[in-house]
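Please read these numbers as outputs of a predicted model, since none were measured by experiment. Chain naming here is simple, since letters A, B, ... match the order of the sequence lines and numbering starts at 1 in each.
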Protein chains: 2
Amino acid sequence: MTIKRTPKRLKLGRKSVSELVVVRLILYRRILRDLAFSGTRYVFSHQLAALADVTPEQLRRDLMNVRYEGSPTRGYEVVVLEECIGAFLDPPTAQAVALVGVGNLGRALFAYFLGRRPLLQIVAAFDIDPAKVDRMINGCPSYHISEARTVMREKGINVAMIAVPAAAAQSVADTLVDAGVRSLLNFADVRLRLPPDVYVEHIDIGVTLEKVAFFARRPAAAEKDMGSP
Amino acid sequence: MTIKRTPKRLKLGRKSVSELVVVRLILYRRILRDLAFSGTRYVFSHQLAALADVTPEQLRRDLMNVRYEGSPTRGYEVVVLEECIGAFLDPPTAQAVALVGVGNLGRALFAYFLGRRPLLQIVAAFDIDPAKVDRMINGCPSYHISEARTVMREKGINVAMIAVPAAAAQSVADTLVDAGVRSLLNFADVRLRLPPDVYVEHIDIGVTLEKVAFFARRPAAAEKDMGSP
DNA sequence: TTTTGTGAAAGAGTTCACAGCC
DNA sequence: GGCTGTGAACTCTTTCACAAAA
């Protein structure tokens, strides 16, 4: 009966993909890498789905976004599928990442990225503490935050991680956006207010732990996860 | 035409609430605390919604889960609403939390919980490194992981955070479940396979950064966030 | 057979739109 | 007027179920 029409959401880039699909594709690829490393040649959707903790139907639907078809007899060829997902996900060229805040969390992030992820490298760290500035940290130069604009333009950085105390996060984010950042990963437990063309992802540890504690006292009903990323 | 019937998902606890609603309620409460601290007495839904980066309609719908009604003239009374959300979210008694892995990330987590969150306290830390075991870390005793079962039973811990290398995470998780944990927050970048009555939340930093990097190179379409937690 | 890829249906979550109230 | 609470509509996501393939 309703004659409504809400066109909305014109495709972005080539074809519009939801964040949920992107996250799962990233996850599938990681699992495929492990499989390839352990010598597996082929996987069926139900096997890969089990490893990723999703249903086989969901996996297959997600893979429709990638240009690759499996064989009904052998399933998916591990390395080929991994490459096809990569072709979909990866930037044409490596992306440089900045890290702001070199406290415990910042150092943990450095440790995380040591060795892996050649396409995403932390190439600059920032802080305000004079003791942490103008040094090399895990092979990466650190600067005072006041130099952000210059350094980030120079190195062409457009992705940054914020690992500073909550009180400083908004001002740091403003500085980064001013320095040309397009996309942010924020670990401080404040919601950042930024221009709509900047993509922000919050990893809110406090909220997440409260959530986990909340669901720790449910009756006994099995509930699925597939949560944060 | 289809005569299908899929009853499914019987309510859990009192009334079934989705994870998304729980996360947002936790977020609203944090913002209400800040507002109360800064002396604000009343908020309208559109103000609180703006601070939480959701629509006013969504905020109001989320609040339907909480036993509290606002006034059309003054909006919501900050401290009262905060308390009502607390009554919904909080455990009847404080919850004890364990932390496994006292590396950089583990120490960052300690720093995170210093002072705040009186209802969620890290009361035991575990590691395998002899240098980190049988000491006090931020006022919290640390034990070898082999003592987990005893210590956790003794202290009645049923929530744990896993901050160990990926290779060790599954085995740690198995140990914890054996020790009676009902709910886990996992920071290692592996998907844990656990019995369905254990609630698991993954904070997968690698996946999340790849996601952020992916969305850093979108055309220019404004996309909302409200992501991981 | 068992598996893949995919329309179609179901289920979740969000937004619209309006009644009722101050 | 401007606000809240909420049924109804809408949109997004997942699951079902089946044709086609090897």
- request: May I ask you to test the V207(B)-D189(B) pair for a side-chain heavy-atom distance under 4.5 Å?
  value: no
Could you give the [atom1]-to-[atom2] distance, from [X] to [N], as a whole number of Å?
X      : N       : atom1 : atom2 : value
R74(A) : dG5(C)  : CZ    : P     : 14 Å
D62(B) : dA12(C) : CG    : P     : 17 Å
E57(A) : dT3(C)  : CD    : P     : 12 Å
L59(A) : dC16(D) : CG    : C1'   : 16 Å
E19(A) : dG13(C) : CD    : P     : 16 Å
N65(A) : dT14(D) : CG    : P     : 12 Å
L63(A) : dT6(C)  : CG    : C1'   : 13 Å
Y68(A) : dT3(C)  : OH    : P     : 16 Å

Can you find a side chain N or O atom of [X] that sits less than 4.0 Å from OP1 or OP2 on [N]?
X      : N       : answer
R67(A) : dG5(C)  : no
Y76(A) : dG5(C)  : yes
S71(B) : dC22(C) : no

- prompt: Checking E201(A) side chain against L209(B) main chain: does a donor-acceptor pair fall under 3.5 Å?
  reply: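 No, the answer is negative, given that no donor and acceptor are paired below the 3.5 Å cut-off.
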- request: Please answer whether the main-chain N or O of T55(A) pairs with a side-chain N or O of Q58(A) as donor and acceptor at a distance below 3.5 Å.
  value: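 Judged by distance alone, no pair lies under 3.5 Å.
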Given [options], identify the nucleotide with an atom nearest to the side chain of [X].
X      : options                   : answer
S18(B) : dG13(C), dT13(D), dC16(C) : dG13(C)
R61(B) : dT3(C), dA17(C), dA8(D)   : dA8(D)
F44(A) : dT13(D), dT3(C), dT15(C)  : dT3(C)
P72(A) : dT4(D), dT14(C), dA21(D)  : dA21(D)
L20(A) : dT14(D), dT4(C), dT15(D)  : dT14(D)
R60(A) : dT14(C), dT6(C), dG5(D)   : dT6(C)

- prompt: Pick the nucleotide of DNA chain C nearest each of M64(A) and T73(A); which residue has the one closer to the 5' end?
  reply: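 Taking each residue's closest nucleotide, the earlier one in sequence belongs to T73(A).
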message: Using 0.5 Å steps for rounding, measure from the OH atom of Y28(A) to the CG atom of D62(A).
response: 3.5 Å
- prompt: Of the options R30(B), R33(B), E77(B), which is the one that meets E82(B) in a side-chain contact (heavy atoms from CB on, under 4.5 Å)?
  reply: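 Exactly one candidate clears the test, R33(B).
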